[in-house]
Amino acid sequence: TCTHCPITVVYGGALRLVQQETVLADIAQQVEAGARHITFGDPDFLNAVPHSLAIVDALHRRWPDLTYHATIKVEHLIEHAALLPRLRETGCLFVVSAFESCNDDILDIFEKGHTAADLCAALCAAGAAGLPVLPTWVAFTPWTTLDDLLAILALESAKADPGLVNEVVMGCVLPAGQGQAPARQAALAAGVPRSVPTTTVNKMCGSGMRAVMYGADHIAAGSADFVL
């Protein structure tokens, strides 16, 4: 369990399964309301592999055109690499994963269960299955250095041509003391043109996910083609 995350504390540190029929009933309500894409909000989708796969198999049989995305741990992307194509085949468009830092000391403090070296392995495993990975980061901590931020930006920049970016939306849990407009600072450091608008999302334990949702909304509305 990651020590910085309040979600598992709420559940007493226990793994709790939501029954398949309950999940599918919830999806059915969203589809009836017009949803074409589903977010699985579980903090780690592959904590119970047979259960999760059964749900996405049932989802795809019932709504073959419905897409979804899920949150999967770095260690599980590596451990279950052979299962990732099955997610892609059932409609998974991308994966959110809590990378959090490129600094092994910070990852140890957070008890993440992965190392900085594992990040590239996870990207390769998901990429081989045709699944883009959208990492979340705890970019600002008492232990973060400028080199740590540059390492994060380097990893993100390696995944995209900055010149193609239409907008930058960045989650930031702890903006205090980071100066004005952390998203603008990050975008400029990553080589994104100054003309590209930026937005910083301040939200405890969910800023990265909210940033992804805002970006998806912009793309769906036709106001952007590429949101970083």
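Owing to the predicted nature of the structure, the values given are computational and were not obtained by experimental measurement. Throughout, residue positions are numbered sequentially from 1 according to the sequence presented.
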Q) When hydrophobic residues are tied together by side-chain contacts of less than 4.5 Å, even through go-betweens, does Leu66 share a cluster with Val23? A) yes
**Q.** Euclidean distance, Leu107 CG relative to Cys102 SG, rounded to 0.5 Å
**A.** 8.0 Å
(Q) Between Thr71 and Met209, is there a side-chain heavy-atom distance shorter than 4.5 Å? (A) yes
Q: Not counting sequence neighbours, list each pair that qualifies as a salt bridge (charged side-chain N to carboxylate O under 4.0 Å, His left out) and has a residue in residues 53-70.
A: Asp57-Arg86
Q) At what distance, to the nearest 0.5 angstrom, does NE2 of His114 lie from CG of Leu119? A) 5.0 Å
Q) Taking Tyr68 as the fixed residue, which of Val56, Ile55, Thr39, Leu93 is the one that meets the side-chain contact (heavy atoms from CB on, under 4.5 Å) rule? A) Val56
Q.
Within the structure provided, determine whether Ile72 and Ser97 are in side-chain contact (heavy-atom separation under 4.5 Å).
A. no
Q. Same cluster for Phe45 and Trp63 if Ile/Leu/Val/Met/Phe/Trp/Tyr side chains link at under 4.5 Å?
A. yes
Q: With sequence neighbours excluded, tell me which residues meet side-chain contact (heavy atoms from CB on, under 4.5 Å) with Val49.
A: Leu46, Leu53, His80, Leu83
Q: Decide yes or no on side chain to side chain contact (heavy atoms under 4.5 Å, CB included) for Thr90 and Leu59, but give the supporting numbers first.
A: CA-CA 8 Å; Thr90 55; Leu59 176 154; 6.0 Å; no
Q) Closest heavy-atom contact between Asp104 and Ala116? A) OD1-N, 2.7 Å
Q: Using the side chain to side chain contact (heavy atoms under 4.5 Å, CB included) rule, take Val169 and Val227 through it: C-alpha gap first, then chi angles, then the decisive distance, then the call.
A: CA-CA 7 Å; Val169 185; Val227 178; 4.0 Å; yes
Q) Once you round to the nearest 0.5 Å, how far does CD1 of Ile78 lie from SG of Cys120? A) 10.0 Å
Q. Has Gln180 got more than 12 heavy atoms of other residues, nucleotides or ligands less than 6.0 Å from its CD?
A. no
(Q) I need the minimum non-hydrogen distance between Gly171 and Ala211, along with the two atoms involved. (A) N-CB, 3.9 Å
Q | Inter-residue atom distance Thr115.OG1 - Glu75.CD, 0.5 Å rounding | A | 10.5 Å
**Q.** Within residues 192-208 or reaching into it, pairs that qualify as side-chain hydrogen bond (donor to acceptor under 3.5 Å, both in side chains) - sequence neighbours excluded
**A.** none
Q: Mind checking side chain to side chain donor-acceptor pair (under 3.5 Å) for Asp26 and listing every partner two or more places apart, or none if nothing turns up?
A: Gln30
Q.
Assess the residue pair Phe99 and Leu123 against the criterion (side chain to side chain contact (heavy atoms under 4.5 Å, CB included)); give the C-alpha distance rounded to whole Å, side-chain angles, the decisive distance to 0.1 Å, and a yes or no.
A. CA-CA 10 Å; Phe99 281 22; Leu123 287 172; 4.0 Å; yes
(Q) I need the full list of side-chain hydrogen bond (donor to acceptor under 3.5 Å, both in side chains) pairs touching residues 214-228, with sequence neighbours left out, sorted by first then second residue. (A) none
Without placing hydrogens or testing angles, list every side-chain donor-acceptor pair under 3.5 Å for residues 130-152, not counting sequence neighbours.
unit_1: Thr136; atom_1: OG1; unit_2: Glu100; atom_2: OE1; d: 3.2
unit_1: Trp137; atom_1: NE1; unit_2: Glu156; atom_2: OE2; d: 2.8
unit_1: Thr141; atom_1: OG1; unit_2: Trp143; atom_2: N; d: 3.1
unit_1: Thr141; atom_1: OG1; unit_2: Thr144; atom_2: N; d: 3.1
unit_1: Thr141; atom_1: OG1; unit_2: Thr144; atom_2: OG1; d: 2.7
unit_1: Thr144; atom_1: OG1; unit_2: Ala139; atom_2: O; d: 3.4
unit_1: Thr144; atom_1: OG1; unit_2: Thr141; atom_2: N; d: 3.1
unit_1: Thr145; atom_1: OG1; unit_2: Asp147; atom_2: N; d: 3.4
unit_1: Thr145; atom_1: OG1; unit_2: Asp148; atom_2: N; d: 3.2
unit_1: Thr145; atom_1: OG1; unit_2: Asp148; atom_2: OD2; d: 3.2
unit_1: Asp148; atom_1: OD1; unit_2: Asn103; atom_2: ND2; d: 3.1
unit_1: Asp148; atom_1: OD2; unit_2: Asn103; atom_2: ND2; d: 3.2
unit_1: Asp148; atom_1: OD2; unit_2: Thr145; atom_2: N; d: 2.9

Q. Is there a chain of hydrophobic side chains (I, L, V, M, F, W, Y, each step under 4.5 Å between heavy atoms) that links Leu87 to Ile38?
A. yes
Q) Between Asn166 and Phe226, is there a donor-acceptor pair closer than 3.5 Å when you use the side chain of the first and the backbone of the second? A) yes
Q. So, His76 side chain and Asp44 main chain: donor-acceptor pair closer than 3.5 Å or not?
A. no
Q: Take the angle between the ring planes of His37 and His69 and call it parallel below 30°, perpendicular above 60°, tilted in between.
A: parallel
Q | Leu24 CG to Gln29 CD distance, which is reported to the nearest 0.5 Å | A | 12.0 Å
Q: Hey, could you give me the OG1/CD1 distance between Thr22 and Ile27, rounded to the nearest 0.5 Å?
A: 11.0 Å
(Q) I need the minimum non-hydrogen distance between Val168 and Ala187, along with the two atoms involved. (A) CG2-CB, 4.0 Å
